[in-house]
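Below, all heavy atoms of this structure are taken into account, side chains as well, without hydrogens, waters or symmetry copies. Order of the sequence lines sets the chain letters (A, B, ...), proteins ahead of strands, with each chain counted from 1. The structure presented is a predicted model; accordingly, all values stated were derived computationally and were not measured.
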Number of protein chains: 2
Amino acid sequence: MPSALSRGVANVAERAQLPPSLAISTVIFALRPGHEGCPTLWMPLVRRVREPFRGQWALPGGPLTAAESLEDAARRNLAETTGLAPAYIEQLYAFGGLRRAHRDEVGAQRVVSIVYWALVRADETALAGQTGLAGEQENVAWHPADPAHGGPGTLAFDHREIVDYALWRLRSKIEYAQVAYHLLGEMFTLAQLREVHEAVLGRSLDPANFRRQLKGTPHLEATDHYLEGGRHRPPRLYRYTGPRSL
Amino acid sequence: MPSALSRGVANVAERAQLPPSLAISTVIFALRPGHEGCPTLWMPLVRRVREPFRGQWALPGGPLTAAESLEDAARRNLAETTGLAPAYIEQLYAFGGLRRAHRDEVGAQRVVSIVYWALVRADETALAGQTGLAGEQENVAWHPADPAHGGPGTLAFDHREIVDYALWRLRSKIEYAQVAYHLLGEMFTLAQLREVHEAVLGRSLDPANFRRQLKGTPHLEATDHYLEGGRHRPPRLYRYTGPRSL
DNA sequence: GTAATAGTGTCTATAAGACACTATTGT
DNA sequence: ACAATAGTGTCTTATAGACACTATTAC
């Protein structure tokens, strides 16, 4: 990964004061069937192939190049490492604590990570390996986001804390912002939308009250279509008409 | 400002892909008497002494050195440029849009700014110049934060947008978090606390309802002291017992 | 018909806003 | 006494939660 150029820069800088380098990482959430059957939040992780934390799972990310905005860098990194193009993406936080540098690594450059969080629809969760070879694809895989639902308890660097913070932000934001729609396809039933909220919040919601609260919500449009094929009364399909990304 | 070292790094990097440099800036708010008499939000700004935007007002800030956390860097920059030590500080956002680079500057390095916002008490708003000389202190001065209250409509770089975003965050956060206390001294009356909220929110609040809402608030402790010296019934003094910084 | 989910109506508890009212001080 | 602010009580309105009830489909 470090080119001859960046090595040269580091060598110059190491003698005096090393400027922190900039990286972009992203926490991507998608809703998939969980271990207990009910839908759960999952995220794609990348297995580290070098020290530090070799072999451990880490957030997808990479360096920031000079010619792109921060969000563009996040999207590009996402496409390169996972093949995903999220429907929603938003900046989470800039992490730059000193304990982030692994003390075992000699001359390790300090890294400041600007972390984004993103949502992808369940039907767009196909992962691409870093190469195109099928054998390489084991280095990118989906994991439950929450350790309480079978997710990994520890990740490389401080990525476990970052994921927890992203989970907190998603849970806070779903209560007042139009965020849940980005985990669903173009058309969905109110029951499906409620299941999204239930999965994110981790508790069941009253169908009647949930429906009434959505009545006052903008950008939620009832269509004339109904979801056929169910075993009982077919529910009406709705559509989200607001902006696709904030 | 650019040392021989950082120049050397830039020269190496310019030939191929220039890594973005990292800076920390801070929006500092304090409550001071406004132009119409009522208390208003003010912020300290630094006049630029070099291109680009020479002569214009900008947020205090500076580079991130390798040996400090992001928040420590913000505090150190604040002390160096303004002499202030805020009671509350929190990360706002990382700004890295490409339009931030001024096109007039040849070979300008792209700067990603991690911006913090902070609150200082009115009794701690004495500014220090960058040198100790009285003549130099004109390059740091307080300005109303909101253009609607006499603040500067344009600032250097994209700093006007950044200040507006910080104002939005402060106004949002004062409604659900314990931040207003950090604009006041150790002891204060409920009327003073209400004036803080009114100044930040830009509208008057019902004294009776405001008092009742605070009843359920944690970390607000009634003392046995009263504010003497007023022209009428002396109000009780309260104290904030929560954490000093988040 | 029966099971199961879709969708509606209503009661209650809680909280916010409006505002009348009492209390206590300086002048 | 009077002005002015401190502080209390109460009424109205909006909203969230609980839950009974009706509607429509597959089998």
key: Cationic N near anionic O, under 4.0 Å, A/Arg75 to A/Glu71   =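 Yes, this pair counts.
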
key: Qualifying salt bridge (Lys or Arg N to Asp or Glu O under 4.0 Å) pairs, either residue in residues 25-35 of chain B, two or more places apart   =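 Of all non-adjacent pairs touching residues 25-35 of chain B, none passes salt bridge (Lys or Arg N to Asp or Glu O under 4.0 Å).
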
query = Can A/Val115 and A/Val27 be said to form a side-chain contact (heavy atoms from CB on, under 4.5 Å), step by step?
reply = CA-CA 7 Å; A/Val115 180; A/Val27 187; 4.1 Å; yes

Measure across [X] and [Y] and return the closest heavy-atom pair with its distance rounded to 0.1 Å.
{"X": "A/Met43", "Y": "A/Ala145", "value": "CE-CA, 3.8 Å"}
{"X": "A/Pro152", "Y": "A/Pro144", "value": "CD-O, 3.6 Å"}
{"X": "B/Glu124", "Y": "B/Leu84", "value": "O-CD2, 3.2 Å"}

I'd like to know if the side chain of [X] and the backbone of [Y] have a donor-acceptor N/O pair within less than 3.5 Å.
{"X": "B/Thr223", "Y": "B/Glu221", "value": "no"}
{"X": "A/Trp57", "Y": "A/His143", "value": "no"}
{"X": "B/His225", "Y": "B/Leu237", "value": "no"}
{"X": "B/Thr26", "Y": "B/Ile24", "value": "no"}

message = Is the ring pair A/Trp168/A/Tyr165 parallel, tilted or perpendicular, if the boundaries are 30 and 60 degrees?
response =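 Aromatic pair A/Trp168/A/Tyr165 classed parallel.
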
message = Working to the nearest 0.5 angstrom, can you tell me the gap between B/Gln213 CD and B/Leu205 CG?
response =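 B/Gln213 atom CD to B/Leu205 atom CG measures 8.0 Å (nearest 0.5 Å).
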
Distance, rounded to the nearest Å, where B/Tyr176 contributes OH and C/dA16 contributes P =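 In whole Å, C/dA16 P and B/Tyr176 OH are 16 Å from each other.
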
query = Counting only non-hydrogen atoms, which of residues 205-212 of chain A are less than 4.0 Å from DNA chain D?
reply =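 Correct list: A/Asp206, A/Ala208, A/Asn209, A/Arg212.
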
Contact residues, residues 223-231 of chain A to DNA chain D [heavy atom, < 4.0 Å] =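 Correct list: A/Gly230, A/Arg231.
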
key: Nearest-nucleotide comparison on DNA chain D, the residue closer to the 5′ end among A/Arg203 and A/Arg233   =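 It is A/Arg203, whose closest nucleotide lies nearer the 5' terminus.
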
message = Can you pull out every ring pair (Phe, Tyr, Trp, His ring centres under 6.0 Å) where at least one residue sits in residues 188-219 of chain A? Sequence neighbours excluded, please.
response =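 For residues 188-219 of chain A: A/Tyr181-A/Phe188, A/His197-A/Phe210.
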
ask   = Do any of residues 185-197 of chain A sit with a heavy atom less than 4.0 Å from DNA chain C, and if so which?
value =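 Residues of residues 185-197 of chain A that come under 4.0 Å of DNA chain C are, in numerical order, A/Ala191.
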
task = Name the first nucleotide and the last nucleotide along DNA chain D (5' to 3') that come under 4.0 Å of a heavy atom in chain B.
result =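 The contact span of chain B on DNA chain D goes from D/dA3 to D/dT10.
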
